[in-house]
Amino acid sequence: MSGVSVTKGAEDAAPAPGGDLVVLSNVNKHFGALHVLQDIDLTIARGEVVVVIGPSGSGKSTLCRTINRLETIDSGAISIDGKPLPEEGKELARLRADVGMVFQSFNLFAHKTVLENVTLGQLKVRKADKKAAEDKARSLLDRVGVGTQADKYPSQLSGGQQQRVAIARALAMDPKVMLFDEPTSALDPEMINEVLEVMQQLAREGMTMVVVTHEMGFARSAANRVVFMADGKIVEEATPDQFFSNPRSDRAKDFLSKIL
Ligand code: ADP
Ligand code: MG
C-alpha cells in the first residue's frame, strides 16, 4: 500500500440505533500467502445499515462470507447477538438462518418454484408447518412485488424479479441481519432500481443490513455508515455525507474520483 494514513472514524458515524448485533474483533484471514482480511474491527448495531465499498479484490465479499461462516477465519472473533459464531452442526445451521445472505448471482434453486424457494428453509431449518410457510412466503413475495410469480420457476423471471425472490427467501428465515453482496451488479440497468427500492424499504423498516455495493445513490440515502475497504483493511469509516463530501484517506479519494 502507498503511504495512506489509516483514518478510521467510527466515532463520527451515526449513533447506534439499538446495541451491538454483529461484532468482528481483530479478524484475520489468509488465502495462502494473501492476507485477505487484516485486523478487521467492525461493530454493527441493531437496525444499522452499513454500506461496504472499495476496489475489486479488497476483501469485501470475504468479509461478508466470514459473517455467516461461509469462510473460516484464522484469528480474531466474530459474534452475532452476543454469541460467538459456532463451529459446525445444528448451531451453525441456526446461525446461518439468522444471517440472511443475498448474492450477486441470485442463487435460487432452479428446479423449485418461486414459492418453494421461499418455503424450503422455513420447512427444513425453522420446522414451520407447510401452510404457515406458504402463507408467509406469499406475503413476503407480495412485499417484494413478485406475488403473482409464485408458481413460476426462476428461469421464467427477469433478473430483478429473481433477486427480489432471493431477498424474500432470506427474509423468510426472520434473519437478525441481512448481508447483500453486490446484489445489483449482475442486473440489467433497468432492473437495478426495483431491487434497490426493496432494500430501501427494508432499511426504513429497521432491518440490520450490511450491503456491499457500487450504488452510491443507495449508500447516500440508506446507509447510516460507509465502510471503505482497500487491500484487506478497513481504511475509513464515516457517515455517507462525510465520506462522499470529505473522504480523508488518499485511497478513498482515489477510489471516489474513479467512480463518481
Ligand atoms: P472483493 O469482494 O472486495 O472484490 P474478495 O473478498 O472477493 O474481494 O477477494 C479478496 C481477495 O481474495 C482477492 O484477491 C481474491 O482473488 C482473493 N480470494 C477470494 N476468494 C478466494 C479463495 N477462495 N481462494 C483464494 N483467493 C481468494
Ligand atoms: Mg466481491
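Just so you know, these numbers come straight off a predicted model, no measurement behind them. Residue numbers count from 1 along this sequence. Remember, it's 1-based here, ligands and their atoms both numbered in the order they're listed.
Taking the six-membered ring where tryptophan is involved, the planes of H30 and H35 are essentially parallel, since the angle between them stays under 30° and well short of 60°.
Looking at L37, L34, L63, T66, it is L34 that brings a heavy atom closest to atom 15 (C) of ligand 1. By heavy-atom distance, the residue among I53, D231, T62, V52 lying nearest atom 9 (O) of ligand 1 is T62.
Of the heavy atoms in V36, only side-chain atoms (C-beta onward) come closer than 4.0 Å to ligand 1. Using a 4.0 Å cut-off between heavy atoms, D181 makes no contact with ligand 1 at all.
Under the side-chain contact (heavy atoms from CB on, under 4.5 Å) test applied with D181, the options L63, V212, V211, V102 reduce to a single match, V212.
A cation-pi geometry, defined here as NZ or CZ lying under 6.0 Å from the six-membered ring centre and within 45° of its normal, does not hold between R251 and F228. Under a cutoff of 6.0 Å and an axis angle of 45°, R169 and F109 form a cation-pi pair.
Using a 4.0 Å cut-off between a side-chain N of Lys or Arg and a carboxylate O of Asp or Glu, D98 and K176 qualify as a salt bridge.
Proximity to P55 (heavy-atom distance under 4.0 Å) selects the following atoms of ligand 1: 3 (O). Heavy-atom proximity to S58, at under 4.0 Å, picks out these atoms of ligand 1: 1 (P), 3 (O), 8 (O).
Among the backbone and side-chain atoms of S61, an N/O/S atom is found under 2.8 Å from the Mg ion (ligand 2).
Distances from atom 24 (N) of ligand 1 to the protein include at least one heavy-atom value under 4.0 Å.
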